Asker: 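Let me give you the structure first, and then I'll get to my questions.
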Protein chains: 2
Amino acid sequence: MTSSRPGPNLSRIATSLGVSIATVSNALSGKGRVSGQLVERIREHAAELGYVPSQAGRALRTGRSGVIGLVLPDIANPLFPKIAQAIEFAASAAGYGVLIADSRGDAATQVEAINRLVERGVDGMVVIPRRATRISSVACPVAVIDTPSTPGNTVSADHWQGGREIAVHLAGLGHQRILIIGNNRESSVQNDRAGGIRAGLRPAMQAETLWIDELERDGGSGCPLGLAERVKQGFTAFAALSDLQALRALTELQQAGINVPADVSVTGFDDLIWSPVVTPSLTTVRMDMDRIAGIAVSALADTIGKSSAREGMLVTAEIERVAMQLIVRQSSGPCEPGIKNLRDGEHVR
Amino acid sequence: MTSSRPGPNLSRIATSLGVSIATVSNALSGKGRVSGQLVERIREHAAELGYVPSQAGRALRTGRSGVIGLVLPDIANPLFPKIAQAIEFAASAAGYGVLIADSRGDAATQVEAINRLVERGVDGMVVIPRRATRISSVACPVAVIDTPSTPGNTVSADHWQGGREIAVHLAGLGHQRILIIGNNRESSVQNDRAGGIRAGLRPAMQAETLWIDELERDGGSGCPLGLAERVKQGFTAFAALSDLQALRALTELQQAGINVPADVSVTGFDDLIWSPVVTPSLTTVRMDMDRIAGIAVSALADTIGKSSAREGMLVTAEIERVAMQLIVRQSSGPCEPGIKNLRDGEHVR
DNA sequence: CTGAAAGCGCTTACAG
DNA sequence: CTGAAAGCGCTTACAG
């Protein structure tokens, strides 16, 4: 016995209409080699029968699955939802399905995840690499989203420029001493951001960087960062390299009785879900995820289109840097009813 | 011209080894109809050539794609990462790939998303339905993850019981007046949670519910909820129906100079990424996502396995309720270095 | 404008 | 234990 799908296929439509399979195929795909009337009749009948083309059949014939892979370092990373949503959106607009793969753990798992996707026959993949991994040859086109400083990168937010935006904003508020708070000294994203902040300081300003990962190397994760002490030392601005750290800083300061933004300022990065919701809401810098995803997916689609480019094609060309956008919230004054402060996606089931 | 994949196929392995395609297929799939020696030789040669089986060919022949779909109401929902990760994990352990689809917007988009997945030939799908949607007949097995009160549901956390855990915890702390904070009166998840809280109160305790969606119906999203006023009225505990609302409450209270947990308590639901990181960290209730995902995926796999069950099979049987686990943090005392307070996934790129 | 035919890569009864 | 053959559903040159 050979297993078959539940629905009708081209052959059934063809016989029931007394035409050939090829004609049905042509009519449905709109290749235009069929007369208008017949196209009409065929389409109608196909719809009536609830015809759903078999991806397997098509894929086998064309060599294209119509699916791309999305490899993420860690789906639990709070940045993931936005990336995934943007990629899914861009991909489905381009007619692709999205297969996800989590490379949790080390670089080896990332390689595994990539291989699994290749085995599933993806036409290409978008990879957001783990820190300090290089994507070596993969058996399909790959678009890498990382920092501009990553070799082989395809597109990314301009984290450096984002950092400058923060610095300029803090300068405008009159801050002199800034504590940059990162949680991973190895991260090129965080280093770019920190570098941008430093580069954007005015001569009179000075910054110091607190790397939480080093602070906590010997345990004690989740303990206070000693920010009240820093305030006594004269720091008036806390520029976290991610909104999660900003949130951590904000609540620690508040708990210590330090008023934000009256006494000190706190800024973040990424405009994550809670940024507009907390009191005071966070000033942050947002990536244009839709644009980044759009560029990555269309670069991928272009490469897939050129059928010559099958094997191990890194979609590089020229790295595109997408500007980040400053979102000022802490100094936005009193809340006025009628003004939408929440981001659109803000709701919980 | 007929397009072909880059790699070798069964035929090439067969010719180069002087055996038949069928034998290669049997050897590689371990169906055991081939002599041990030959199996060995074939496997070796296949590995040498870097043979990757064609999913398309296999799918066309077997009628199974080896891929399941995951339909989410809104990927931007902060609960998503955990669900997606758990499903991806369970699915890949069971040998399935996961195709994602976001049903953002209304119920109509959800139907579209489901159809897209069916068109891509998924063998089944896990659906986390939008509020108040019923999953009607789909052309493949479906496992629904929602509340126990949803008809046709397959598995879910026991939100009601989770609510009781919160109530018992607050009772133990001696609270008498509790403000429940929800953000969506329509959500059955939130209603179950609120119901559980009320059911768990001791006679002397009383609760009132604040629905943010109603409060903000006329605009003003993101404005303070007036919690300081509630404290004056005598409320000493704020039980949010999601960690996002808990965070909102916490920061609003802190900003008003009310000390948490000394003056009042704040609790949440879901143990989202920030819960252990903020000061004070949040007491919350966690779903066992791995278990829920495992049950959903294996129920799905079972149904797919029975080849009779192709069309529109809702995987129901008996609804499984997975207990939620209380995580007490706010009263956990001073931070001791060396103790891991952060959840494992807590890191940002 | 329409159709007959080949073939994508695989698996599975069936025959030897 | 091994192989020849059929067929899953589709698309695409090619012929008419």
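Below, chain A is the first sequence line, B the second, and so on; all start at residue 1. This structure is a prediction, so every number in the text was calculated from the model and none was measured.
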Asker: Between dA6(D) atom P and Leu60(B) atom CG, what is the distance in whole Å?
Answerer: 17 Å
Asker: Grab the CD1-P distance between Ile21(B) and dA4(D) for me, whole Å please.
Answerer: 9 Å
Asker: Rounded at 0.5 Å granularity, tell me how far OG1 in Thr23(B) sits from CD1 in Ile13(B).
Answerer: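 The OG1 atom of Thr23(B) sits 12.5 Å away from the CD1 atom of Ile13(B).
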Asker: dG3(D), dT12(D), dG9(C): which one has an atom nearest the side-chain heavy atoms of Ser25(A)?
Answerer: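 Shortest atom-to-atom distance from the side chain points to dT12(D).
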Asker: Which whole-number value in Å describes the distance from Asn26(B) CG to dT11(C) P?
Answerer: 9 Å
Asker: For Glu40(A) and dT2(C), what is the distance between atoms CD and C1' respectively, to the nearest whole Å?
Answerer: 18 Å
Asker: Between dT12(C), dC10(D), dC10(C), which nucleotide gets closest to the side-chain atoms of Ala22(B)?
Answerer: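 Within the option list, the nearest is dT12(C).
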Asker: Which atoms form the tightest heavy-atom contact between Gly66(B) and Arg120(A), and what is the distance?
Answerer: O-NH1, 3.3 Å
Asker: Is it the case that Asp123(A) and Ser65(A) place a side-chain donor and acceptor less than 3.5 Å from each other?
Answerer: yes
Asker: Check whether any side-chain N or O of Ser20(B) sits under 4.0 Å from OP1 or OP2 of dG3(D), and answer yes or no.
Answerer: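 So the side-chain polar atoms of Ser20(B) do come within 4.0 Å of the phosphate oxygens OP1 or OP2 of dG3(D), strictly under.
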Asker: I want to confirm an ordering. Mapping Leu38(B) and Ser11(A) to their closest nucleotides on DNA chain D, which one lands closer to the 5' end?
Answerer: Leu38(B)
Asker: Let me know the distance between CZ of Arg61(A) and C1' of dC8(C), rounded to the nearest Å.
Answerer: 7 Å
Asker: Does a side-chain N or O of Thr62(B) approach OP1 or OP2 of dT11(C) to a distance below 4.0 Å, or not?
Answerer: no
Asker: Among the nucleotides dG9(D), dT11(D), dC1(C), which one has an atom lying closest to any side-chain atom of Ser35(A)?
Answerer: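 Ranking dG9(D), dT11(D), dC1(C) by closest atom to the Ser35(A) side chain puts dC1(C) first.
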Asker: Pairs counted only when both distances fall under 3.5 Å, Watson-Crick or G-U: show me the 5' to 3' dot-bracket for DNA chain D, [ ] for pseudoknotted crossings and | for other-strand partners.
Answerer: |||.||||||||.|||
Asker: State which residues pass side-chain contact (heavy atoms from CB on, under 4.5 Å) with Asp288(A); sequence neighbours excluded, sorted by chain then number.
Answerer: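 Listed in chain order: Asp290(A), Arg291(A), Val322(A).
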Asker: Taking only side-chain nitrogens and oxygens of Thr23(B), does any of them come within less than 4.0 Å of OP1 or OP2 of dG3(D)?
Answerer: yes
Asker: Between atom CD in Gln55(A) and atom P in dT11(D), what is the gap in whole Å?
Answerer: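 Whole-Å distance recorded here is 9 Å.
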Asker: Check whether any side-chain heavy atom of Pro73(B) lies under 4.5 Å from a side-chain heavy atom of Ile128(B), and answer yes or no.
Answerer: yes
Asker: Measure the distance from CD on Gln37(A) to C1' on dT2(C) and round it to the nearest whole Å.
Answerer: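 These atoms are roughly 14 Å apart.
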Asker: Tell me the closest heavy-atom pair linking Gln85(B) and Ile75(A), and the distance in Å.
Answerer: NE2-N, 3.8 Å
Asker: Whole Å only: how far is the CG atom of Asn9(B) from the C1' atom of dT11(C)?
Answerer: 14 Å
Asker: Can you list everything that forms a salt bridge (Lys or Arg N to Asp or Glu O under 4.0 Å) with Arg41(B)? Sequence neighbours excluded, please.
Answerer: none
Asker: Looking only at side-chain N and O atoms, does Arg58(A) come under 4.0 Å of OP1 or OP2 in dT11(D)?
Answerer: yes
